**Student:** 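Quick one: this structure, given as structure tokens, is what I'll be asking you about.
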Amino acid sequence: MDAALQLSIISAHMDHISPAPSVSAVALERRDPFRILLSTLISLRTRDEVTLAASRRLFTFADTPEALAEADPDEIARLIYPCGFYTVKAERIRKISRIIRDEHRGAVPASFTGLLALPGVGRKTAALTLALGFQIPAVCVDIHVHRISNRLGWVSTHTPEETEYALMELLEQGRWMEVNEALVRFGQIICTPGRPRCSVCPLSDRCPKTGVTSSR
DNA sequence: AAAACGGGGGC
DNA sequence: GCCCCAGTTTT
């Protein structure tokens, strides 16, 4: 059973599980790259439900680079509280808004290099923004996707970045969105780091690591 | 009380 | 590569 088939099984399985309040749910309320970028930024070190609520509060207050460039960082921080790093994130949001306003004519950059140049934006955030905001092929390799890819033997890499490149080669065109949507959620709910819920995993009989109790 | 959480940045 | 980062939740 190869990676492509396993990914299909995971996708199908996650589709019929109770809907998760995923970050993409917030982001996809509108196909707005700026909202998606900010939601993804806010989601760092923060549970989905908190991210969801914080994003809604922020976007009700302001959802354009022009407005947030001039917003008081303390006000932004108050809106996104109690997300982790909320003061740091508030500063980042203002800086990013200013850069987009001043250097990109108010439009979120639609390229990896453009996004990576923004403060607080790395490969994971950039990939999600490209994939969800612009429908540009990109895999979001967060800690979950990295762990699962190694657990299932799809890749044998040691950094998320290596996994990202390996997955892009391994998967056919079009599968990147399944990674971004289903695999991330699979990692949050079932194939968790410490005590994976192998009893409800559709791949448990085929997984080389069934029953693992460590993050490897 | 301590560990877990998760990505980015600086060196 | 390694260490640091802030604050909430889980153990």
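So that the names make sense, note that chain A is the first sequence line, chain B the second, and so on, each numbered from 1. Owing to the predicted nature of the structure, the values given are computational and were not obtained by experimental measurement.
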**Student:** For residues 67-74 of chain A, tabulate all N or O donor-acceptor pairs below 3.5 Å that involve a side-chain atom, not counting sequence neighbours.
**Tutor:**
residue: A:Glu70; atom: OE2; partner: A:Arg101; partner atom: NH1; Å: 2.7
residue: A:Asp72; atom: OD1; partner: A:Asp74; partner atom: N; Å: 3.0

**Student:** Roughly how many Å apart are B:dG9 and C:dT8, using the P atom of each and rounding to a whole number?
**Tutor:**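 Between the two P atoms, the distance is 23 Å.
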**Student:** Is A:Tyr86 close enough to C:dG7 that one of its side-chain N or O atoms is under 4.0 Å from OP1 or OP2 there?
**Tutor:**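 For C:dG7, OP1 or OP2 has a side-chain N or O of A:Tyr86 closer than 4.0 Å.
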**Student:** Select base, sugar-phosphate, or nothing to describe what A:Thr159 touches, counting heavy atoms under 4.0 Å on all strands.
**Tutor:**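 Answer is nothing: A:Thr159 stays at 4.0 Å or more from every strand.
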**Student:** Tell me, which pairs form a salt bridge (Lys or Arg N to Asp or Glu O under 4.0 Å) where one or both residues lie in residues 103-129 of chain A, sequence neighbours left out?
**Tutor:**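 Residue pairs passing salt bridge (Lys or Arg N to Asp or Glu O under 4.0 Å), neighbours aside: A:Arg123-A:Glu164.
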**Student:** Would you indicate, yes or no, if C:dT9 has its OP1 or OP2 atom less than 4.0 angstrom from a side-chain nitrogen or oxygen of A:Arg47?
**Tutor:**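 Yes, because at least one side-chain N or O of A:Arg47 sits under 4.0 Å from OP1 or OP2 of C:dT9.
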**Student:** Compare the minimum distances between each of B:dG6, C:dG7, B:dG7 and the side chain of A:Lys124, then state the nucleotide with the smallest one.
**Tutor:**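 So the side chain of A:Lys124 is nearest to B:dG7.
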**Student:** Strictly below 4.0 Å: does A:Tyr81 bring a side-chain N or O up to OP1 or OP2 of C:dT8?
**Tutor:**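 For A:Tyr81, the contact criterion (side-chain N or O under 4.0 Å from OP1 or OP2 of C:dT8) is met.
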**Student:** Which value, in whole Å, describes the distance between the P atoms of nucleotides C:dG1 and B:dG6?
**Tutor:**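 About 23 Å, rounded to a whole number of Å.
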**Student:** Among the candidates C:dT9, B:dG6, C:dG1, find the nucleotide nearest to the side-chain atoms of A:Ile143.
**Tutor:**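 The listed nucleotide nearest to A:Ile143's side chain is B:dG6.
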**Student:** Students often get this wrong, so: under 4.0 angstrom with heavy atoms, is A:Val121 touching a base, only sugar-phosphate, or nothing?
**Tutor:**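 It contacts sugar-phosphate atoms only.
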**Student:** Need one value for A:Pro160: base, sugar-phosphate or nothing, where a base atom within 4.0 Å counts as base even if backbone is also close, heavy atoms only.
**Tutor:**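 Nothing, no heavy atom under 4.0 Å.
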**Student:** For A:Ile42, report the nucleic acid contact type (base, sugar-phosphate, nothing); a contact means any heavy atom under 4.0 Å.
**Tutor:**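 The residue A:Ile42 makes no contact with any strand.
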**Student:** Kindly say if A:Ser43 contacts the phosphate of B:dG6, meaning a side-chain N or O under 4.0 Å from OP1 or OP2.
**Tutor:**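 Answer no for this pair, as no side-chain N or O of A:Ser43 is under 4.0 Å from OP1 or OP2.
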**Student:** How does DNA chain B look in dot-bracket form if you count Watson-Crick and G-U pairs under 3.5 Å, write [ ] for pairs that cross, and put | where a base pairs with another strand?
**Tutor:** |||||.|||||
